[in-house]
Student: 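Questions regarding the structure given below will be posed in turn.
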Amino acid sequence: MKKLTYLILCLVLVVGLVGCGGKSDGKTSKEDDGKTYKLLLGSTVQDDSALGVALLEHFKPYIEEHSKGRIKVEIQNNSVLGSDREIFEAVQMNTVQASQGPLSTLANFDNDFAVCDLPFLFRSKEVAYKNLDGEFGKKMAEKLPENGMRILAYGENSFRNISNNVRPIKTAKDLEGLKIRVMESPVNIATYKAMKTNPTPMAFSELYSALSQGAVEGQDNGIVLTYTNKLYEVQPYYTFTNHLYAANAVVISEQFWQSLPDDLQKVLLDGSKYAMKKQRELNTQMEEDLVKKMETEGVEFIKMDDKEVDKLVEETKDVWNSVNLNEDLMKMAKKIRDKENK
């Protein structure tokens, strides 16, 4: 009898140990799966740009350090992996795990991102940061996971402003009749027609020669592109209109995101926000430095008076009615344009 009792106790103990072993060897919680992951991020920017520096010197080190080496990050800038659209398509398929690219390109995948192409949505960086990092940014990006991608944080390219080689633009009326090169986009063309200019769509690669030869008289790129592409050499007048804020974002493959445990998702989210905060700071400092450099080369910088900008806002309101976007998103956008910019 004692032997039978002993055997039963042993059997119970073995079953208990097997049960415990099953729990430890089965599927672990998302908090610690013990795996390592490779994250390949592609972009079209140069390594020494504000964004290139932010990715190489802030994003990559943050992710690798805070994941304790469980995420290995490889950054490929300089269009090595293709154009912005091609890289986003690769992110959709998870052949590239992440990218940092413009919202205007993301509009090809989710039309709601076209809201940021509308004129005078944001009139200061402070307003842009507040809303992109808040409910407006969340609303704009909420459907992107349905297209195989997810936004983790917003960065910036620059405000588009207007330069020309005819006259200083100080008032809304000064824009009338100027032949301005614009992006090959219906919204941009409509915006410049509303401002009574003569918009001329053409590829960016043709711009310098077109300005030099007089085919167009002005252009609307931000400070950094105006300097790095030497457009200032043939554009002596540069006016801060802040009519279009060009934002970009860290975008990750939804498939890759869902494969990560919760703690690594948090590392990626926090690291992306940290890196884009640094990118905004670097970009702003770069713009300030380049304005000083261009001033020494003879460029005159003009800040248009707020009342004159208000006139341009009124002139371009019909452009907003020409787009068909999410109704709730458009309500939020109009509130930003009409109230938060005051």
Student: Can you find a side-chain donor-acceptor pair between N77 and S43 that sits under 3.5 Å?
Tutor: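 N77 vs S43: donor-acceptor pair found between side chains.
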Student: Does V234 form a side chain to side chain contact (heavy atoms under 4.5 Å, CB included) with S212? I'd like the steps, not just the answer.
Tutor: CA-CA 6 Å; V234 288; S212 301; 3.9 Å; yes
Student: Is there a side-chain contact between E86 and L81, using heavy atoms and a 4.5 Å cut-off?
Tutor: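 E86 does not reach L81 side chain to side chain.
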Student: Can you tell me if S253 and Q97 form a side-chain donor-acceptor pair at under 3.5 Å?
Tutor: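 Short answer, no.
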Student: When you check the side-chain N and O atoms of N164 and E217, is any donor under 3.5 Å from an acceptor?
Tutor: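 No, no side-chain donor-acceptor pair sits under 3.5 Å.
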Student: Are K139 and E142 ion-paired here, with the side-chain N under 4.0 Å from a carboxylate O?
Tutor: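 Salt bridge flag = yes for E142 with K139.
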Student: I'd like to know if E287 pairs up with K125 as an ion pair, taking the criterion as any Lys NZ or Arg NE/NH1/NH2 lying under 4.0 Å from an Asp or Glu carboxylate oxygen.
Tutor: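 Yes, charged N to carboxylate O under 4.0 Å.
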Student: Would you say that more than 12 heavy atoms from the other residues, nucleotides or ligands in this model lie under 6.0 Å from the NZ of K317, or not?
Tutor: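 Count over threshold, so yes.
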Student: Indicate yes or no: at least one non-hydrogen side-chain atom of L211 is less than 4.5 angstrom from one of Q235.
Tutor: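 Yes. Closest side-chain heavy atoms under 4.5 Å.
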Student: Can you name the closest pair of heavy atoms from Q279 and G155 and give their distance?
Tutor: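 Here Q279 and G155 meet closest at OE1-CA, 3.6 Å.
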Student: I'd like to know if R280 and D133 make a salt bridge, using a cut-off of under 4.0 Å between side-chain N and carboxylate O.
Tutor: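 Looking at D133 together with R280, the answer is yes, because their closest N to O distance falls below 4.0 Å.
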Student: Only one of Y154, F120, F159 forms a ring pair (Phe, Tyr, Trp, His ring centres under 6.0 Å) with Y245, so which one is it?
Tutor: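 Testing Y245 for a ring pair (Phe, Tyr, Trp, His ring centres under 6.0 Å) against Y154, F120, F159 leaves exactly one candidate, F159.
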Student: Determine, for E315 against K311, whether the closest basic-nitrogen to carboxylate-oxygen distance falls under 4.0 angstrom.
Tutor: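 Looking at K311 together with E315, the answer is no, because their closest N to O distance does not fall below 4.0 Å.
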Student: State whether a side-chain donor-acceptor pair under 3.5 Å links E176 with T197.
Tutor: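 No, no side-chain donor-acceptor pair sits under 3.5 Å.
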Student: Name the one of Y227, Y238, Y237 that satisfies ring pair (Phe, Tyr, Trp, His ring centres under 6.0 Å) with Y232?
Tutor: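 Testing Y232 for a ring pair (Phe, Tyr, Trp, His ring centres under 6.0 Å) against Y227, Y238, Y237 leaves exactly one candidate, Y227.
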Student: Between D263, D262, D270, which is the residue that forms a side-chain hydrogen bond (donor to acceptor under 3.5 Å, both in side chains) with K266?
Tutor: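 Of the listed options, the one satisfying the test is D270.
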Student: Angle class for the F136/F122 ring planes (parallel below 30°, perpendicular above 60°, tilted otherwise)?
Tutor: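 Plane angle over 60°, so perpendicular.
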Student: With clusters defined by side-chain heavy atoms of hydrophobic residues (ILVMFWY) lying less than 4.5 Å apart, directly or transitively, does V267 cluster with L56?
Tutor: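 Same cluster.
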Student: Are any of the side-chain nitrogens in E340 or K130 under 4.0 Å away from the carboxylate oxygens of its partner?
Tutor: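 Answer for the salt bridge query: yes.
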Student: For Y37 and L39, what are the C-alpha separation, side-chain angles and deciding distance, and is it a side chain to side chain contact (heavy atoms under 4.5 Å, CB included)?
Tutor: CA-CA 6 Å; Y37 299 83; L39 187 153; over 6 Å; no
Student: Answer yes or no: does atom NZ of K277 have more than 12 heavy-atom neighbours from other residues, nucleotides or ligands under 6.0 Å?
Tutor: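 Result for NZ/K277: open.
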Student: Are E308 and K170 ion-paired here, with the side-chain N under 4.0 Å from a carboxylate O?
Tutor: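 So E308 does not pair with K170 through a salt bridge.
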Student: With no hydrogens and no angle check, do the side chains of T226 and N221 hold a donor and an acceptor under 3.5 Å apart?
Tutor: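 On atom types as modelled, these side chains do not qualify, holding no pair under 3.5 Å.
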Student: Answer yes or no: is there an ion pair linking R85 with E89, defined by an N-O contact shorter than 4.0 Å?
Tutor: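 Salt bridge: yes.
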Student: List the steps and the verdict of side chain to side chain contact (heavy atoms under 4.5 Å, CB included) for V224 and L290.
Tutor: CA-CA 7 Å; V224 176; L290 293 179; 4.1 Å; yes
Student: Compare all side-chain heavy atoms of C116 with those of M140 and state whether any distance is below 4.5 angstrom.
Tutor: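 Result yes, sub-4.5 Å side-chain heavy-atom pair found.
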Student: Can you confirm whether N324 is buried at CG, in the sense that more than 12 heavy atoms of other residues, nucleotides or ligands lie under 6.0 Å from that atom?
Tutor: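 Result for CG/N324: open.
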Student: Any side-chain donor-acceptor pair under 3.5 Å between N248 and E156?
Tutor: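 No, no side-chain donor-acceptor contact under 3.5 Å.
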Student: Assess the pair H66 and Y274: is the distance between their ring centroids shorter than 6.0 Å?
Tutor: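 No, too far apart.
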Student: Any donor-acceptor pair under 3.5 Å linking the side-chain atoms of N188 with those of T191?
Tutor: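 There is no such pair between these side chains.
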Student: In terms of side-chain heavy atoms, does Y192 have a donor or acceptor partner in N198 at a distance below 3.5 Å?
Tutor: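 There is no such pair (donor and acceptor under 3.5 Å, judged by atom type) between the side chains of Y192 and N198.
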Student: Above 12 or not: heavy atoms from other molecules or residues under 6.0 Å from CD of E327?
Tutor: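 No, the 6.0 Å shell around CD holds no more than 12 heavy atoms from other groups.
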Student: Write down the atom of K60, the atom of V73, and the distance for their closest heavy-atom approach.
Tutor: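 Taking every non-hydrogen atom into account, NZ-O, 2.5 Å.
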Student: For E281, does the CD atom sit with more than 12 other heavy atoms under 6.0 Å from it, leaving out its own atoms?
Tutor: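 More than 12 heavy atoms, drawn from other residues, nucleotides or ligands, come within 6.0 Å of this atom.
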